[in-house]
Number of protein chains: 2
Amino acid sequence: MTTGTSPAASTPRLPAELASSTTFLLKRLGFAAKEQALEAYDQTGLHPYHHAVLAVLDEGSRETQGAIADALGYDRGQLVGLLDELEDRGLIERKRDPSDRRRQSVRMTADGKRALAKLRALAVGLENDFLANLDESQRASLHGLLRELARQHLPHCVFRQDGAAVAADG
Amino acid sequence: MTTGTSPAASTPRLPAELASSTTFLLKRLGFAAKEQALEAYDQTGLHPYHHAVLAVLDEGSRETQGAIADALGYDRGQLVGLLDELEDRGLIERKRDPSDRRRQSVRMTADGKRALAKLRALAVGLENDFLANLDESQRASLHGLLRELARQHLPHCVFRQDGAAVAADG
DNA sequence: TATTGTTATACTCTATAACTATA
DNA sequence: TATAGTTATAGAGTATAACAATA
């Protein structure tokens, strides 16, 4: 007997029931993308979370901490530590809002802008690598389909029509 | 974190840099799919991991624990607990391999088969809900694109041509 | 009393590696 | 010595809630 070219001689195969599920692939691929990103960001000393925070600050400065957390869907307690780290590296500054001293105004420094530029380049490279097997039209198609799912499942993501772009975070 | 369900009403918007990234959407959608699955499986008293294990046993019985772990990419230590729980519920049986008493042969019981059928129905419903916004042709397109990415990033998943299917796990 | 930011606590996952019994 | 399974431990990540300052 010989199953000859039966798939995956060495690797015990995943049940077809799993491998043929779209949501299964989505989960595993999302996890793989996250892992690759974490590893790459490690070398920068920053986390994708930091990139996400800087990206928010770049779109509209003078943000309050609550607004940043809400924009990203992060917990406010979690954000404190991220901002501490960004502040320690001189990438952002916090100052009390004089009109409401409970609030902190957060703004990006010049060094922060430079760091963001580097993180963007890193993210572009990562995205490009991850999608390497797809041509331009396939990438556009995939993006459109995922956006449609996002409309349904990520109410947080408000979409206008946008071109290509690339990003960090988890 | 909870990238979950924050309502979109007055929500400060996510930076376009993030929202327009395909890998970002992949990560968040994968996370959302996982969350939905976990919540739904909770009511069954079983975890998607349990479903995955049963699915392996259904394809080829008499599996050894190491083979099951390898097939799913799980750690062997992690698998022990999962099998303990399945055994406690009478869904699987373990018995020592007489020819090598270090090995355990694991097989699914009749109750296990019934449980698997229910989990499959649950998974089908979940997948259908998750893809609700896509028509048949879009679903096929998405699945094909994800499979292409899986070829690149999930060497674990060996694909033959398959029809539609649905699955659990994370 | 409610809210902003902060801190502390607890819980879930997972990865590592020690341990046993067989080989 | 090496391997299959088991158990125990430690660490990261995250969610919860208590807390202080201000409104």
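The figures that follow rest on heavy atoms only: side chains count, while hydrogens, waters and symmetry mates do not. Protein chains get the first letters and strands the later ones, always in sequence-line order, with residue 1 at the start of each.
With sequence neighbours excluded, the residues that form a side chain to side chain donor-acceptor pair (under 3.5 Å) with B:D111 are B:R114. Scored by the side-chain contact (heavy atoms from CB on, under 4.5 Å) test, A:A40 finds A:L122, A:L126 as partners (sequence neighbours excluded). Take B:K118 and apply the side chain to side chain donor-acceptor pair (under 3.5 Å) test, not counting sequence neighbours, and it matches no residue. With sequence neighbours excluded, no residue satisfies side chain to side chain donor-acceptor pair (under 3.5 Å) with B:Q78. Applying the ring pair (Phe, Tyr, Trp, His ring centres under 6.0 Å) test to A:F31 and every residue at least two apart in sequence or in another chain returns nothing. Residues passing the side chain to side chain donor-acceptor pair (under 3.5 Å) test with B:R76, sequence neighbours excluded: B:D70.
Nucleotide D:dT3 holds its C1' atom 13 Å from the CG atom of B:D70, rounded to whole Å. Protein atom CZ of B:R76 is 18 Å distant from nucleotide atom P of C:dA18, rounded to whole Å. Going from atom CD of B:E63 over to atom C1' of D:dA4 covers 15 Å, rounded to whole Å. Taking atom CZ on B:R94 and atom P on D:dA4, their separation rounds to 16 Å, with Å as the unit. Computed from coordinates, the B:Q65 CD to D:dT6 C1' distance equals 9 Å when rounded to whole Å. Rounded to whole Å, atom C1' of C:dG5 lies 19 Å from atom OH of A:Y74. Rounded to whole Å, atom P of D:dA4 lies 12 Å from atom CZ of B:R96.
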Between N or O atoms, less than 3.5 Å apart, protein on one side and nucleotides 11-17 of chain C on the other: list the pairs.
| from | atom 1 | to | atom 2 | distance (Å) |
| --- | --- | --- | --- | --- |
| C:dT14 | OP1 | B:Y49 | OH | 2.9 |
| C:dT14 | OP2 | B:Y49 | OH | 3.3 |

Write down the protein N/O and nucleotide N/O pairs, taken from nucleotides 21-23 of chain D, whose separation is under 3.5 Å; answer none if there are no such pairs.
| from | atom 1 | to | atom 2 | distance (Å) |
| --- | --- | --- | --- | --- |
| D:dA23 | OP1 | A:R101 | N | 3.0 |

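Applying the ring-ring contact (aromatic ring centres under 6.0 Å, His included) test to pairs two or more places apart or on separate chains, none has a residue in residues 105-125 of chain B. Counting only residues at least two apart or on different chains, the salt bridge (charged side-chain N to carboxylate O under 4.0 Å, His left out) pairs with a member in residues 80-89 of chain A are A:D84-A:R94, A:E87-A:R94. Pairs engaging residues 92-140 of chain A under the ring-ring contact (aromatic ring centres under 6.0 Å, His included) rule: A:F130-B:H153 [sequence neighbours left out].
Here B:T64 does not reach the OP1 or OP2 of D:dA4: none of its side-chain N or O atoms lies under 4.0 Å away.
Test B:I68, B:D58, B:L46 against B:V53 for side chain to side chain contact (heavy atoms under 4.5 Å, CB included) and you get one pass: B:I68.
In terms of modelled atom types and a separation under 3.5 Å, the side chain of A:E127 and the main chain of B:T22 share a donor-acceptor contact.
Contacts between residues 82-92 of chain A and DNA chain D, defined by a heavy-atom separation below 4.0 Å, involve no residue at all.
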